[in-house]
Amino acid sequence: MSLDWRSYPLSTWDKGRFFHNRACPPSPASGDTEYMDTVHYQALEVLYSRQQIAERVAEMGAQITRDLSGEKLVMVGVLKGAAPFLADLARAVQVDATFDFVATSSYGKGLRSSGAVKLIKDLDEPIEGKNVLLVEDILDTGLTLSYLRKLFLQQHPKTLRIATLLDKPSRRIEKIEPDYVGFSIPNLFVIGYGMDYAERYRNLPDICLMTPDHPE
Ligand code: IMP
Ligand code: MG
């Protein structure tokens, strides 16, 4: 199934805000009503551009490389949101690394968390005695990462560190201290670079703000 770029805000095409590295979609033929239907979409505000993300991820990678000082590493991504971050972070980390992935119960289809966390997909390989880096897109209430941290510690890894691209400290319910934080943000709902709203927008290359009045 091909992506329909017409479902993105019209103004982002006009300004080339998101797609300046891509071929622009063709101009609409006059009377193209399907195209005109997208006019009601609002512009998405960019919170962190792909360049800002790349620079910060490079810094995080350098720090992790220093901290691991030649040791092996298992990078564990939390599906699905952490996938782009893990892919970029892994290439910024100069250590002998392997990947694994877990999935927890999702945030649901709206802006609010259900509160309960359950494991949907477990690790493929045991982590006992290994250096583990838990990689998450965004740390919000802390429920997901505290749950995973507790679960992983039961397996007695050699070390367990947490890297999150975004952190919303004001939303915290469960106390958890990430070792590496890309950006600390206020209580905003963000999309892009892996993060979704009802499973959409994960492939936006920038991190954008989801405004309450944005059409679903
Ligand atoms: P926590 O368990 O409340 O810390 O939630 C973490 C998960 O909620 C993240 O991995 C995201 O999947 C999701 N989440 C939290 N805030 C946002 C947001 O602003 N945009 C998209 N997903 C979010
Ligand atoms: Mg997530």
Side-chain angles (χ1 to χ4, degrees), residues 7-9 12 18 41-50 52-53 56-57 60 75-90 99-123 132-153 160-216:
S7 61
Y8 285 111
T12 60
F18 295 129
Y41 278 85
Q42 297 180 359
L44 294 169
E45 189 94 17
V46 175
L47 185 62
Y48 294 108
S49 68
R50 66 201 78 177
Q52 289 172 305
I53 298 167
R56 187 68 192 113
V57 170
M60 295 174 86
M75 301 181 75
V76 180
V78 186
L79 293 171
K80 307 167 193 163
F85 176 44
L86 184 139
D88 286 343
L89 187 65
F99 295 174
D100 207 337
F101 292 95
V102 290
T104 58
S105 54
S106 90
Y107 216 59
K109 287 202 182 293
L111 297 174
R112 273 174 224 292
S113 167
S114 64
V117 181
K118 79 169 193 253
L119 199 67
I120 293 169
K121 187 219 165 289
D122 205 345
L123 292 163
V132 176
L133 181 67
L134 190 45
V135 181
E136 176 64 306
D137 53 358
I138 180 162
L139 172 55
D140 189 35
T141 62
L143 291 166
T144 307
L145 283 177
S146 334
Y147 169 84
L148 289 172
R149 191 171 171 278
K150 206 168 147 193
L151 202 70
F152 286 11
L153 285 175
L160 177 60
R161 293 181 173 89
I162 293 174
T164 185
L165 181 62
L166 297 180
D167 184 13
K168 292 191 218 174
S170 67
R171 293 261 307 154
R172 206 74 91 247
I173 293 172
E174 284 284 334
K175 191 171 153 23
I176 184 138
E177 297 294 336
D179 300 271
Y180 311 99
V181 175
F183 304 101
S184 201
I185 63 168
N187 184 16
L188 302 166
F189 198 86
V190 292
I191 50 175
Y193 196 72
M195 288 166 286
D196 73 309
Y197 175 72
E199 294 298 327
R200 293 180 64 204
Y201 305 108
R202 291 192 196 275
N203 63 327
L204 288 179
D206 306 297
I207 297 174
C208 301
L209 285 180
M210 183 81 186
T211 51
D213 52 352
H214 191 89
E216 286 184 27

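Throughout, residue positions are numbered sequentially from 1 according to the sequence presented. Atoms within each ligand, like the ligands themselves, are counted from 1 in listed order.
Under a 4.0 Å criterion applied to the non-hydrogen atoms of K168, ligand 1 contributes the atoms 16 (N), 17 (C), 18 (C), 19 (O). Close approach of ligand 1 to D196 (heavy-atom distance below 4.0 Å) involves ligand atoms 21 (C). Of all the atoms in ligand 1, the ones that sit under 4.0 Å from a non-hydrogen atom of L188 are 19 (O). Close contacts of ligand 1 with T144, meaning ligand atoms under 4.0 Å from a residue heavy atom, involve 1 (P), 2 (O), 5 (O), 6 (C). For ligand 1 and E136, the ligand atoms under 4.0 Å from any heavy atom of the residue are 9 (C), 10 (O).
Ligand 1 lies within reach of V190, whose nearest heavy atom is under 4.0 Å from it.
Exactly one residue among L165, D137, V78, I53 makes a side chain to side chain contact (heavy atoms under 4.5 Å, CB included) with F85. That residue is L165.
Neither the backbone nor the side chain of R171 comes within contact range of ligand 1; no heavy atom lies under 4.0 Å.
R50 approaches P205 most closely through the heavy-atom pair CB-O, 3.6 Å. When all heavy atoms of V132 and F152 are compared, the closest pair comes out as CG1-CD2, 4.3 Å. The two atoms that bring M60 and T164 nearest to each other are CE-O, 3.7 Å, heavy atoms only.
Considering each of D137, L79, T141, the one bringing a non-hydrogen atom nearest atom 1 (P) of ligand 1 is T141. Comparing G142, G192, G81 by heavy-atom distance to atom 4 (O) of ligand 1, the nearest is G142. Relative to atom 11 (C) of ligand 1, the option among I138, I176, T104 with the closest non-hydrogen atom is I138. For atom 5 (O) of ligand 1, the choice among I173, L209, D140, V117 with the nearest heavy atom turns out to be D140.
Every residue two or more places apart in sequence or in another chain was checked for a side-chain contact (heavy atoms from CB on, under 4.5 Å) with A83, and none qualifies.
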Hey, can you pull the donor-acceptor pairs under 3.5 Å for the side chains in residues 179-193, sequence neighbours left out?
from : atom 1 : to   : atom 2 : distance (Å)
D179 : OD2    : I162 : N      : 2.8
Y180 : OH     : D67  : OD2    : 2.6
Y180 : OH     : R161 : NE     : 3.4
Y193 : OH     : D88  : OD2    : 2.5

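Judged purely by atom type and a 3.5 angstrom limit, R200 has no side-chain atom pairing as donor or acceptor with the backbone of D196. Judged by distance alone, the side chain of K121 and the main-chain N or O of F101 form a donor-acceptor pair under 3.5 Å.
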